[in-house]
Amino acid sequence: MPTTWNRSPEEFHKIYLANTDAFYRIGNAGLAKELDEFMTKCALSLWSRAGSINERHVEMANQIYSRSQPQPKWLLWSLTSSACAEDAFLPPVFFWNMAESDARRGTETSRTFIRMLTNILLYLAAVDDDVTYGEAEFITECTDRLTAICDTTGVRKSRDGLNPLDYVTSGEPSFQEKHKPQVQTSGGEKPQEGVKAEEEKKPDFDELMQQLEDLVGLEEVKKDIKNLMNLVKVRKLREQNDLPVPPMSLHMVFMGNPGTGKTTVARLVSGLYAAIGVLSKGQLVEVDRSGLVAGYVGQTALKTQEVIKSALGGVLFIDEAYALSSGGENDFGRESIETILKAMEDHRDDLIVIVAGYTGPMTTFISSNPGLESRFNKYFYFPDYNGEQLMAIFRIQCLKNGYTLTEEAEKAAVAMFTELYEERGDNFGNGRDVRNCFEDMIVRQSNRVAAMEAPTREDLMAVLPADLQEPDEDEAAEKAAVEAPAEAAEAEKAEEAPAKEKPAKGKGKEE
């Protein structure tokens, strides 16, 4: 994709420092040497995808160094030979360590590293005024593989699914080739070259519809989704019977507060569309403004195109989509919107876009662009969960994770969620608030059980009213007042015992 690069090597160095310094503030500045070497290897692999190395690349390679690190002195011949020696993308060892540390501590250092790497590679890809498809593909490969490591370590798996050795350059097939699904022909032999293998088994329509039906609340949403699926199935049947089918947009707008199930429903919709043959794959790619918009002209379109590419065959779910149009006429978000609109037209047979967010801002967003209004004509409203529905979600969480509410705890939880709904404010989080309550309950229950001498299996599962909420100040003061006399009596006994022994010791001295 053509773009414009008017920056000097020194200006790129400032950009490099800004990105790396931001990473070092939350990461480890001691990684500077390793990080610079890794960034240089990525740059060489990136430029090799463009076909050749030129003097412009040499200038930029000599600007890849962090503060306190020596400036490299590449020459054209040395850079060219080094680029030829670069092979497939190899995640560095320090990144694995970061991902493991994030999994233990609940931090996001490794994901910040991915964003930093992506930003720098986008700049490096544009140095010769032309970002090739091969370069864009390389950037996607880098981010996908690093993100896969984060996802794997983040759920504390043992890397059975992702092995660091899979990334080591050797004569073995590449990581993607090794994990590509294989399809057998009817005779059992491998498919012939050029025969496209199915990437995965299509989801079962009835199973997905049952999952939709099992969701708490959302009755109108369920009804509308069922109607839409029936409409689409009939359209497919008419096509198969050579009957005319009028044009129809399948893109959607999901409106509602956070935590009302919009992402969950979008994931089910993507599977349902794949099950009836509207989409070829049925994956859901979730993104927001930060995943679509870059900081300079031309880069936003590239970044958005890469996201769209990953969503082809499935659903692109854009959360808080109104943020794309909230920055004024010169904001790069508008460039992203135009890129998405074009993709919706170019890939209308294999891409569904769902935009989501608060009701008011989403209405303004859709009306801000005629192209949006013409392509989005299906609106789904996700209401807040009431107290009874919040309680139902909480019960499901308890059941799924092996916790049992006592009768008293059940009553206390019902009262808690009824109050949570009735006193909700602008920051009401619906299902997210339930999840937070559940996680807080686990902490309090764990503290209580840990104090037991020999807790039974039932003790480990039981949830008491005290586990649901922190005691208020009055209750805490009352408890302290009850416990204080007992504690004072124990202290007095402890002091009396040695006091009685003192005369005996004194008497012994006199004797």
Side-chain angles (χ1 to χ4, degrees), residues 203-230 252-273 275 282 284 286 315 317 319-320 354-359 362 378-445 461-463 465 467-469:
D204 181 76
F205 182 86
D206 292 333
E207 186 176 303
L208 292 171
M209 288 301 292
Q210 186 58 52
Q211 291 179 30
L212 177 69
E213 191 62 38
D214 291 341
L215 294 178
V216 174
L218 305 177
E219 299 307 323
E220 287 301 315
V221 172
K222 294 175 186 177
K223 178 182 176 182
D224 291 340
I225 294 294
K226 291 174 187 175
N227 292 341
L228 177 61
M229 293 304 147
N230 288 336
M252 307 177 190
V253 180
F254 285 2
M255 300 186 297
N257 291 331
T260 47
K262 296 187 291 294
T263 306
T264 300
V265 172
R267 185 170 290 108
L268 291 172
V269 166
S270 65
L272 288 167
Y273 273 147
L284 178 78
E286 184 180 0
V315 169
F317 180 82
D319 197 19
E320 298 183 352
I354 299 177
V355 292
Y358 289 100
T359 302
M362 285 304 299
K378 290 179 175 55
Y379 295 78
F380 296 81
Y381 177 68
F382 289 69
D384 287 337
Y385 292 114
N386 60 33
E388 183 180 344
Q389 292 166 342
L390 295 173
M391 182 62 200
I393 296 172
F394 186 75
R395 287 194 192 97
I396 293 172
Q397 288 291 318
C398 290
L399 180 63
K400 187 192 303 182
N401 292 279
Y403 289 94
T404 304
L405 292 164
T406 63
E407 185 175 346
E408 295 77 15
E410 175 85 9
K411 294 178 182 177
V414 169
M416 178 177 70
F417 287 115
T418 299
E419 181 181 1
L420 182 65
Y421 173 73
E422 291 176 350
E423 297 182 5
R424 68 191 185 282
D426 294 336
N427 296 323
F428 181 53
N430 288 283
R432 297 179 188 178
D433 284 351
V434 176
R435 183 172 65 247
N436 292 337
C437 290
F438 178 76
E439 291 173 354
D440 292 341
M441 178 273 289
I442 291 178
V443 173
R444 287 189 285 269
Q445 196 260 11
M461 297 174 63
V463 175
D467 301 329
L468 296 173
Q469 287 182 318

Are any non-hydrogen side-chain atoms of [X] and [Y] less than 4.5 angstrom apart?
| X | Y | result |
| --- | --- | --- |
| Phe428 | Leu420 | yes |
| Pro383 | Asn257 | no |
| Thr263 | Asp319 | no |
| Asn430 | Phe382 | no |
| Tyr385 | Tyr421 | no |
| Phe205 | Leu272 | yes |
| Met252 | Leu228 | yes |
| Ser270 | Phe317 | no |

Looking at every non-hydrogen atom in both residues, tell me the closest pair between [X] and [Y] and how far apart they are.
| X | Y | value |
| --- | --- | --- |
| Arg432 | Gly259 | NE-N, 3.6 Å |
| Leu215 | Leu218 | CD1-CD1, 4.3 Å |
| Phe417 | Met391 | CD1-SD, 3.7 Å |
| Arg424 | Asp384 | NE-OD2, 3.5 Å |
| Gly402 | Met461 | O-CG, 3.5 Å |
| Thr406 | Pro465 | OG1-CD, 4.0 Å |

Atom [atom1] of [X] and atom [atom2] of [Y]: how far apart are they, to the nearest 0.5 Å?
| X | Y | atom1 | atom2 | value |
| --- | --- | --- | --- | --- |
| Glu419 | Gln469 | CD | CD | 7.0 Å |
| Thr418 | Glu423 | OG1 | CD | 11.0 Å |
| Tyr358 | Glu320 | OH | CD | 6.5 Å |
| Ile442 | Tyr403 | CD1 | OH | 4.0 Å |
| Glu213 | Leu208 | CD | CG | 13.5 Å |
| Met416 | Phe394 | CE | CZ | 5.0 Å |

(message) Can you tell me if Asn427 has over 12 outside heavy atoms packed within less than 6.0 Å of its CG?
(response)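 Check fails, neighbour count at 12 or below.
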(request) Determine whether more than 12 heavy atoms belonging to other residues, nucleotides or ligands lie under 6.0 Å from atom CD of Glu407. (result)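 Open.
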(request) For the pair Lys411 and Glu408, find out whether any cationic side-chain nitrogen is under 4.0 Å from an anionic carboxylate oxygen. (result)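 Result for this pair is no, no salt bridge flagged.
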(request) Going by the side chain to side chain contact (heavy atoms under 4.5 Å, CB included) test, name the single residue among Leu268, Val269, Asn230 that passes it with Ile225. (result)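 For Ile225, the side chain to side chain contact (heavy atoms under 4.5 Å, CB included) check succeeds only for Val269.
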(message) Test of understanding: with side chain to side chain contact (heavy atoms under 4.5 Å, CB included), list the residues that count as partners of Leu399, not counting sequence neighbours.
(response)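 Per chain and number, Leu399 pairs via side chain to side chain contact (heavy atoms under 4.5 Å, CB included) with no residue.
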(message) Donor-acceptor check, side chain of Lys222 to backbone of Met209, threshold 3.5 angstrom: yes or no?
(response)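 No, the answer is negative, given that no donor and acceptor are paired below the 3.5 Å cut-off.
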(request) Please answer whether the main-chain N or O of Asn386 pairs with a side-chain N or O of Gln389 as donor and acceptor at a distance below 3.5 Å. (result)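 Flag set: sc Gln389 to bb Asn386 pair under 3.5 Å.
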(message) Applying side chain to side chain donor-acceptor pair (under 3.5 Å), can you list everything that pairs with Arg435, at least two apart in sequence or on another chain?
(response)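 Listed in chain order: nothing, the list is empty.
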(message) For Gln210 and Asp206: C-alpha separation, side-chain torsions, deciding distance, then whether side chain to side chain donor-acceptor pair (under 3.5 Å) applies.
(response) CA-CA 6 Å; Gln210 186 58 52; Asp206 292 333; over 6 Å; no
(request) Give the C-alpha distance, both sets of side-chain angles, the deciding distance and a yes or no for side chain to side chain contact (heavy atoms under 4.5 Å, CB included) between Glu220 and Tyr381. (result) CA-CA 8 Å; Glu220 287 301 315; Tyr381 177 68; over 6 Å; no
